[in-house]
Amino acid sequence: MLLKELYILIKKEILLEWRQRYALSGIVLYLVCSVFLVYMAFGSANINAETWVTLFWIVMLFTAVNAVAKSFIQESRGLRLYHYTIASPYAIILSRMIYNVFLLAVLVLAGLPVFLIVLGNPVENLPLFIFAAAMGAISFATGFTMISGIASYASNAGTMMVILGFPVIIPVLLLLIKISKAAIELSSSGQTNDFIWTLVAINMITVTTSVLLFPYLWRAN
Amino acid sequence: MNWKKHWWKILGVLLIYFVLVAGFLADVPRLFILNETIRNLFFHVAIWFAMFVLLIVSVVYAIKYLGKGNPLDDIKSSEFANVGIFFGLLGILTGSVWAKFTWGDWWVNDPKLNATSISMLIYLAYFILRASIENPQAKGRISAVYNIFAFAAAIPLIFILPRLTDSLHPGNGGNPGFNNYDLDNSLRRIFYPSILGYTLLGIWFAGIRIRLQKLKEKLNDLELNK
Amino acid sequence: MKKLLHYTSILLTLLLTSITGLLAQVTTESTQHVEMADTFRSEGKIYVVVLVAVVLFSGFTLFMVLTERKIARLEKTFKDLKGNADK
């Protein structure tokens with residue numbers, strides 16, 4: 001039953017998005033503009049590897065916040081009540097999370113080539129970096145979906161999303177940057193496995209807590 | 001003076017008196033870099049531990065509130081978070097002063113410091129969230145959810161990340177440490193009572209704030225019912 | 001008396017270890033002298049520090065007790081008010 005609900009909900013999100021690609025195109029535009037802004041700011045000066053990685057993750061972070069904000073915040077109250085009556089809270093939160101994972105995976109894996117082309121390629125270990133980027137997409141999606149849900153009940157939802165989300169995501173961001181640094185061979189790779197496993201653990205904790213807590217949030221409807 | 005009701009407050013005060021006297025007069029291990037400031041273990045570090053206890057109490061009440069919906073639990077959850085953050089602020093200030101004298105700078109790029117500033121940000125966000133929701137039930141429910149979520153997702157990291165990386169803090173990265181064989185009994189004898197003392201004081205603060213809040217609500221009810 | 005014994009024993013140990021260290025031409029960290037506030041303490045100034053701390057904390061405790069009493073009085077007033085309203 002849950003699986004069927006999940007499937008339908010995810011399909012609905014993807015269909016809605018595909019029909020009028022407002023959100024997707026808006027966010028892709030945001031991403032490209034940010035990269036361009038970085039390019040303009042640094043000009044022809046060669047960016048060193050460390051700066052490159054940091055810029056990449058900052059741009060990805062803001063893009064992710066924008067992308068995930070759409071899941072709960074831009075939903076009208078009537079539509080939310082309707083969803084409340086027809087689907088279980090587990091299905092709602094899981095479907096939004098999975099959809100956001102896909103969305104962010106597309107954005108991050110599209111953003112990476114843009115970065116590489118516009119700002120040069122300091123990445124030595126590309127498979128590891130792509131892996132780190134994918135992990136980043138998953139981590140941002142799981143973390144921000146729940147935050148987006150919480151923020152949607154506050155009066156100034158967009159700002160709340162940032163205020164609530166950033167402190168919680170900073171540890172994740174730190175780990176991602178450390179793994180990326182290993183990918184550009186700036187630091188010893190001995191600890192990289194530790195970082196990756198910690199990231200996986202955090203993701204599992206985030207998903208579990210979100211799924212456990214979301215029904216209580218949903219009841220506030 | 002109802003002893004049964006107030007004994008733990010008196011215990012807290014007595015413990016801190018003990019720590020103030022013993023903390024300065026007792027003998028301490030002689031370690032490099034730290035010298036005499038190792039005594040800060042009884043003050044600065046104890047406050048962090050007490051803060052952690054208070055924040056755990058806050059999360060527990062948040063969970064209770066989600067379970068039963070009793071508004072008193074929400075008040076308790078938020079006031080314990082309040083006092084917890086106050087202790088955290090004191091911890092940061094005292095840590096900063098300690099840092100200036102042992103590491104040479106008021107603030108350094110150190111994982112433990114980063115982790116603590118992140119947790120401060122998280123709880124500040126908690127208070128902003130509470131302020132931005134009008135409806136009391138929604139306020140309680142949503143802030144409880146955020147309290148639990150943020151605690152589960154980020155606070156445990158304070159203990160994990162510093163272990164994974166080098167840190168200036170004692171015990172990590174080559175500094176004389178406060179690990180098991182260094183924290184000898186002479187320090188433990190004062191350190192543990194200090195944690196207990198600060199925790200009891202924190203609970204006393206929180207208790208007063210909670211009672212004040214309850215009185216405010218009663219006043220509101222009276223005004224509304226006139 | 002016990003304190004004096006303590007201090008002399010520490011000084012003696014340090015002296016002995018440093019001498020043996022020099023003789024054996026092996027220097028470990030424990031033979032070096034760690035600066036502590038020994039002179040400060042021997043002049044009795046440490047008691048001033050303790051006294052200041054105790055006074056400050058007493059002031060704070062007094063404040064807490066007064067606040068506690070104030071709130072207890074307020075709570076009692078409310079209880080009485082409520083009792084009157086229920087009648």
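Lettering follows sequence order; numbering is per chain, from 1. Just so you know, these numbers come straight off a predicted model, no measurement behind them.
- In this structure the side chain of T206(A) reaches within 4.5 angstrom of the side chain of F149(B), judged on heavy atoms.
- The structure places CG of L129(B) at 9.5 Å from OG of S155(A), a figure rounded to the nearest 0.5 Å.
- For the set A138(B), A125(B), S132(B), the entry with the most heavy-atom pairs within less than 4.5 Å of chain A is S132(B).
- For L213(A), the parts sitting under 4.5 Å from any heavy atom of chain B are the backbone and the side chain alike.
- Other residues, nucleotides and ligands contribute at most 12 non-hydrogen atoms within 6.0 Å of the OH atom of Y82(A).
- Options V168(A), I205(A), I163(A), L164(A) differ in how many heavy-atom pairs under 4.5 Å they form with chain B, and the most are formed by L164(A).
- Between chain B and the residues N203(A), T209(A), I150(A), I202(A), the most heavy-atom pairs under 4.5 angstrom are made by I150(A).
- Closest approach of Y153(A) to I133(B), counting heavy atoms only: O-CG1, 4.2 Å.
- Counting non-hydrogen atoms of neighbouring residues, nucleotides and ligands closer than 6.0 angstrom, the NZ atom of K12(A) exceeds 12 such neighbours.
- Applying the 6.0 Å contact sphere to CZ of R141(B) captures more than 12 heavy atoms from other residues, nucleotides or ligands.
- Counting non-hydrogen atoms of other residues, nucleotides and ligands closer than 6.0 Å to CZ of F166(A) gives a total above 12.
- Chosen from I122(B), L121(B), I63(B), the residue pairing most often with chain A at heavy-atom distances under 4.5 Å is I122(B).
- Within 6.0 Å of CZ in F49(B) there are 12 or fewer heavy atoms belonging to other residues, nucleotides or ligands.
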